[in-house]
Number of protein chains: 2
Amino acid sequence: MAEVTTGLSIGQVAERTGLSVHALRFYEHEGLFVNPVRRGPGGRRVYSQDDVEWLTVCIILRASGMPLHALRRYADLVREGAGNAEERLMLLREHQAHVTAQIGRLTECLDLIRFKVGVYEDLLDPGSPTARQCHAPSPSADKEQAPTKSISS
Amino acid sequence: MAEVTTGLSIGQVAERTGLSVHALRFYEHEGLFVNPVRRGPGGRRVYSQDDVEWLTVCIILRASGMPLHALRRYADLVREGAGNAEERLMLLREHQAHVTAQIGRLTECLDLIRFKVGVYEDLLDPGSPTARQCHAPSPSADKEQAPTKSISS
DNA sequence: CTAGGATCTAGAGTCGGCTGTAGGTCAACC
DNA sequence: GGTTGACCTACAGCCGACTCTAGATCCTAG
């Protein structure tokens, strides 16, 4: 229980967030931090536990495809303090919709990929332990011409 | 039933694939087509129905995050003809794994986002018709310090 | 016959998100 | 007291995937 509120160097934060020191300076430059990063002797950055927690939120939002400018907007709102909860909520909901849509799109793509994987599996091992009833990518059962020939691709 | 096997101009293909004419030329330049795109009088590109079908596959693979170099690799394999099914299968399986992982990651992120959305919804309308039993992002129920304070972000 | 629009090639520019480099400061160790 | 090693600023460079521009060619319609 020694260094609980000690303050961390940029290197330490890089290590425990997985971001590079470059990225950390870049994020700061881009105004992504809610509180200005403190400086220690010699002008070195000193990160608080809160900074690190905020960063982990940033990382998750980034990982889900939120662009930096949106993240900055969110940081701006949080920095402003209470009274803009509606705006924060809107921003988050918008992002939620994006992520949900993206998951949907990926899932659709996965159908095609699975279908193709199935085709090649059967091709390579027709004594199929993999013999499902049907390989067709279920959703697009429309008037698309038979996928018989797309075996060649 | 007039233009079934007619051959399409680059503009027509752009229109029906959603790709730009620029992107179509770029894709060709990058070797993403299985068959060289035919040329009509005056050196103009003439796309076949097969080309368009291949493009739609490309679009789906791209939309699921496959980088162009992998797409080119796949096109190379298909162009080579039969006999490399294992390699095609490997490539597809690898991509399938990426997409699956990405969906997983996005779904995790969505948990946090939903949690935060829930927090702000409650904050704005505490007479909650949205009063779920609990907002906590289910998976990470570890020793993380209480999310009480992250209400501020 | 000429004007407009679609196309062509080749190459430059853009954008997001970092990453790398140059040149300098500072504290600690041998 | 000299050498690491971590850090600092400022800015250039990179990567992927297009997108735009310039200048030429070609087809069709009026």
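Just so you know, these numbers come straight off a predicted model, no measurement behind them. Chain A is the first sequence line, chain B the second, and so forth, proteins listed ahead of strands; every chain is numbered from 1.
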Problem - Distance, rounded to the nearest Å, where A:Glu30 contributes CD and D:dC11 contributes P - result: 14 Å

Exercise for the section: Return yes when atom CD of B:Glu15 has more than 12 non-hydrogen atoms of other residues, nucleotides or ligands closer than 6.0 Å, and no otherwise. Expected result: no

Handout entry: Check: B:Arg62 side chain, D:dA17 base, donor-acceptor under 3.5 Å
Key = no

Exercise for the section: To the nearest Å, give me how far apart CZ (A:Arg45) and C1' (D:dA6) are. Expected result: 13 Å

Completion exercise
Of B:Ser20 and A:Gly11, the one whose nearest nucleotide on DNA chain D sits closer to the 5' end is A:Gly11

Completion exercise
The first and last nucleotides of DNA chain C lying within contact of chain A, meaning any atom under 4.0 Å from one of its heavy atoms, run from C:dG17 to C:dC26

Practice task
Quickly work out the A:Leu8 CG to D:dA6 P distance and round it to whole Å.
Solution key: 16 Å

Practice task
Classify the nucleic acid contact of B:Arg25 as base, sugar-phosphate or nothing, counting any heavy atom under 4.0 Å across all strands shown.
Solution key: base

Practice task
Kindly state whether the ring of A:Trp54 and the ring of A:Tyr74 have centres lying under 6.0 angstrom apart.
Solution key: yes

Practice task
Whole angstrom is fine here: how far is it from CD1 in A:Ile10 over to C1' in D:dC8?
Solution key: 9 Å

Fill in the blank from the handout: When rounded to whole Å, the CZ to P distance for the pair A:Phe26 and D:dC8 reads 17 Å

Handout entry: Toward the 5' end of DNA chain C, by each residue's nearest nucleotide, B:His22 or A:Gly65
Key = B:His22

Exercise for the section: Run the salt-bridge test on A:Arg38 and A:Glu28 with the 4.0 Å N-O cut-off and return the result as yes or no. Expected result: no

Handout entry: 4.5 Å side-chain heavy-atom contact, B:Leu55 and B:Phe33
Key = yes

Handout entry: A:Ser9 side-chain proximity, nearest of D:dC7, D:dC26, D:dC18
Key = D:dC7

Problem - Whole-Å gap separating C1' (D:dC15) and NE2 (B:His69) - result: 11 Å

Exercise for the section: Scan A:Pro41 against the nucleic acid and name what it touches under 4.0 Å (heavy atoms): base, sugar-phosphate only, or nothing. Expected result: nothing

Practice task
Specify the residue among B:Pro67 and B:Arg44 whose closest nucleotide of DNA chain D lies further upstream toward the 5′ end.
Solution key: B:Pro67

Exercise for the section: Would you mind checking if A:Arg62 and A:Glu30 are paired as a salt bridge, meaning a charged N to carboxylate O distance below 4.0 Å? Expected result: no

Handout entry: Cationic N near anionic O, under 4.0 Å, B:Glu121 to A:Arg93
Key = yes

Handout entry: Atom of B:Ala14, atom of B:Val21 and distance for their closest heavy-atom approach
Key = CB-CG1, 3.8 Å

